[in-house]
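First comes the structure, then the notes that go with it.
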4 protein chains.
Amino acid sequence: MSADTFFSINTGSTEPIYRQLIEQVRRRVASGQLSAGQEIPSVRELAQALAVHPMTISKAYSMLEAEGLLERRRGLAMRVAARHERAQPAADRIELLRPTLEHAAAEVQQLGLPSSKALALFKEILASHESGEP
Amino acid sequence: MSADTFFSINTGSTEPIYRQLIEQVRRRVASGQLSAGQEIPSVRELAQALAVHPMTISKAYSMLEAEGLLERRRGLAMRVAARHERAQPAADRIELLRPTLEHAAAEVQQLGLPSSKALALFKEILASHESGEP
Amino acid sequence: MSADTFFSINTGSTEPIYRQLIEQVRRRVASGQLSAGQEIPSVRELAQALAVHPMTISKAYSMLEAEGLLERRRGLAMRVAARHERAQPAADRIELLRPTLEHAAAEVQQLGLPSSKALALFKEILASHESGEP
Amino acid sequence: MSADTFFSINTGSTEPIYRQLIEQVRRRVASGQLSAGQEIPSVRELAQALAVHPMTISKAYSMLEAEGLLERRRGLAMRVAARHERAQPAADRIELLRPTLEHAAAEVQQLGLPSSKALALFKEILASHESGEP
DNA sequence: GTGGTCTAGACCACT
DNA sequence: GTGGTCTAGACCACC
């Protein structure tokens, strides 16, 4: 797996880097983009690709292991745990998106924007993401 | 202004509380929901309403004052600064929403969800917010 | 709570320090020696008492928080989470001891010792612990 | 000697595998279950039986050789060194058990369990080990 | 090569 | 004062 394209972090955000990684792994496992047995990038490799201290990556991986999403294998790269055999159904995955959209909707209201404008912008952004370039 | 309904914070988030408040004030001013001369809740009042340390509120207000958005008046409640006479045009305000929706779109992609489902959920959430209850 | 007498670590062991701490907290919560709402020693205090780097303590506390056993409160000492209102019944607690005694029994067998001698030694050690001095 | 039943390892433990093996050999020699001249399983055989990398087994054997417990013979299986002619007396062997039981007693105390319950459980476990099935 | 643990120490957010 | 995050870097266990 290409480490530098698969994960992305935003160092400017107040969201800690290690937690950004955790969230991304969770979502990719939920969607099946990462499936049982698949290896994730090594700590050192990802650390270099993201220009981050290896321990930061290690912390994220450790917590994902404690959570049961990843499996540690002495001396080998970590991989997605066996019990995550298949992606969650879309109906469940969409619920993982809800808090984020709730938050966005609160901003819309505070900005006093009409729902139609917000929806149009979201549609435009989704289209540009789909076509390849974020 | 009713302190407890106007601002809302999420103590579970990694986003510092004072920054959550700053962002909310900025958006309310941009939208004209808070307009020049309008008084904002006192530090103590808001601190109690949100169950937060008064210093946290004070810090947010101080930074908004440094930014020129609020005015401090000895012995009186702070108020929105005069130079923020009118709301920003909607075309500008919608740009303030863009980063949030960009982030949401990245989540959609990582979750492997179709744009249509994401849009439908956003529409549903916006409608429920508009109708009163978030 | 007196930090230096409540927790003890063995730096010689292969068991990582942070995990020794986690196990001890778990057992003390299970037994009710630590009960809901009770504060645990601060990171810095315990680090100094045990002559260990603060981050090592912090790591243990973080994992206990992720596990739901401890609660974090911004700016305040961590405390035992509310949902651990009461000690587990003795019947459950004794099961937490089983793996350790299984391991000890395997050693007894490998050493070719009669059960009676092993039991006698265990009894003697338990008595000395009870009377105060480990 | 049947490699797979004689040694057992716990890959989940933080105790390094090679050290688990060393400890087991030491105890078997102390008890006379392994006596001078007796052959131990080959590196490859044991590695396969335990699903462990051969180098891990090799490391354990090398350290036992450096310690004088095992003898290496070119082209032949390693065997227990001649100077370990006879088992240590039971009085000495029981002391090898003490640290493990000290540790168990500390757990008993932290779990707030009465000594009688702990002793009863240990007795039960010892009996089941003796009767064949651990 | 893999991950894990720990130290030393800086800086941040919050009470 | 509280905990959190991150960097820099050493050393260990294992493949």
Side-chain angles (χ1 to χ4, degrees), chain A residues 9 11 13-21 39-47 50-66 70-79, chain B residues 9 11 13-21 47 51-60 63, chain C residues 9 11 13-21 39-47 50-66 70-79, chain D residues 9 11 13-21 47 51-60 63:
Chain A
I9 56 163
T11 52
S13 161
T14 56
E15 181 83 353
I17 294 169
Y18 84 95
R19 204 166 304 191
Q20 293 180 41
L21 290 173
E39 285 191 359
I40 57 172
S42 81
V43 168
R44 290 164 173 83
E45 181 190 357
L46 189 52
L50 300 179
V52 152
H53 194 276
M55 205 184 201
T56 304
I57 310 291
S58 181
K59 183 173 183 177
Y61 284 4
S62 282
M63 300 200 78
L64 286 164
E65 193 229 351
L70 297 184
E71 275 177 352
R72 195 196 326 249
R73 298 174 302 157
R74 294 175 109 120
L76 297 177
M78 296 181 79
R79 64 180 181 195
Chain B
I9 57 163
T11 54
S13 161
T14 56
E15 181 84 356
I17 295 167
Y18 81 94
R19 201 168 307 190
Q20 295 182 39
L21 291 174
V52 154
H53 199 278
M55 203 173 168
T56 304
I57 311 290
S58 179
K59 181 172 183 176
M63 297 189 77
Chain C
I9 56 164
T11 53
S13 162
T14 56
E15 181 83 353
I17 295 169
Y18 84 94
R19 204 166 303 192
Q20 294 180 40
L21 290 173
E39 285 191 359
I40 58 172
S42 82
V43 168
R44 290 163 171 86
E45 182 190 358
L46 189 52
L50 300 178
V52 154
H53 194 275
M55 206 184 201
T56 303
I57 311 291
S58 181
K59 182 173 183 178
Y61 284 5
S62 282
M63 301 200 78
L64 286 164
E65 193 229 353
L70 298 184
E71 274 176 352
R72 195 196 325 250
R73 298 175 301 159
R74 294 176 111 120
L76 297 177
M78 295 182 80
R79 64 180 181 197
Chain D
I9 57 162
T11 54
S13 162
T14 56
E15 181 84 356
I17 294 168
Y18 83 93
R19 202 169 307 190
Q20 294 181 40
L21 291 172
V52 155
H53 198 280
M55 202 173 167
T56 305
I57 311 290
S58 180
K59 180 171 182 177
M63 297 190 76

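These numbers come from the heavy atoms of this one structure, side chains and all, not from hydrogens, waters or symmetry mates. Every chain is numbered from 1 and lettered A, B, ... according to where its sequence line falls, protein lines coming before strand lines.
- In this structure, CD1 of Ile9(B) is placed 14 Å from C1' of dT15(E), rounded to the nearest angstrom.
- Consecutive Watson-Crick or G-U pairing (both distances under 3.5 Å) extending over three or more pairs maps onto DNA chain E as E:1-14 with F:1-14.
- Atoms CD1 and CD1, on Ile9(B) and Ile57(B) in that order, are 7.0 Å from each other to the nearest 0.5 Å.
- With rounding to whole Å, Arg79(C) atom CZ is found 15 Å from dG3(F) atom C1'.
- Put simply, CD1 on Ile57(A) is 15 Å from P on dT5(F), counting in whole angstrom units.
- The pair Arg79(A)-Glu39(A) fails the salt-bridge criterion, with no side-chain N (NZ, NE, NH1 or NH2) lying under 4.0 Å from an Asp/Glu carboxylate O.
- Taken to the nearest 0.5 Å, the CE atom of Met55(C) stands 8.5 Å off from the NZ atom of Lys59(C).
- A distance of 10.0 Å separates OG of Ser58(C) from CD of Glu65(C), quoted to the nearest 0.5 Å.
- Side-chain atoms of Tyr61(C) and Ser42(C), non-hydrogen and from C-beta on, never get closer than 4.5 Å to each other.
- What separates OH of Tyr61(A) from C1' of dT2(E) is a distance of 12 Å, to the nearest Å.
- Taking the side chain as every heavy atom from C-beta outward, Ile40(C) and Leu64(C) never approach each other to under 4.5 Å.
- Atom CD of residue Glu15(B) and atom CD1 of residue Ile17(B) lie 10.5 Å apart, to the nearest 0.5 angstrom.
- The distance between atom CG of Leu64(C) and atom C1' of dG3(F), rounded to the nearest whole Å, is 14 Å.
- Positionally, the nearest nucleotide of DNA chain E for Ser62(A) lies more toward the 5' end than for the other of Arg74(C) and Ser62(A).
- Between the side chain of Arg44(A) and the base of dG3(E), at least one donor-acceptor pair of N or O atoms lies under 3.5 Å.
- The shortest distance between side-chain heavy atoms of Arg74(A) and Thr56(D) does not fall below 4.5 Å.
- Applying the salt bridge (charged side-chain N to carboxylate O under 4.0 Å, His left out) criterion to Arg19(A), with sequence neighbours excluded, gives no partner residue.
- Comparing Ala77(C) and Arg73(A) by the nucleotide of DNA chain F whose heavy atom lies nearest to each, the residue mapping closer to the 5' end is Ala77(C).
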Table of protein N/O atoms under 3.5 Å from nucleotides 6-8 of chain F N/O atoms:
unit_1 : atom_1 : unit_2   : atom_2 : d
dC6(F) : OP1    : Ile17(A) : N      : 2.5
dT7(F) : OP2    : His53(A) : N      : 2.9
dT7(F) : OP2    : Thr56(A) : OG1    : 2.8
dA8(F) : N7     : His53(A) : NE2    : 2.4

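- Residue Ser58(A) has no polar side-chain atom (N or O) positioned under 4.0 Å from OP1 or OP2 of dG3(E).
- Between the CG atom of Leu46(A) and the P atom of dT2(E) there is a distance of 12 Å, given to the nearest Å.
- Summarising the geometry, the separation between CD on Glu65(C) and P on dT2(F) is reported as 18 Å, rounded to the nearest angstrom.
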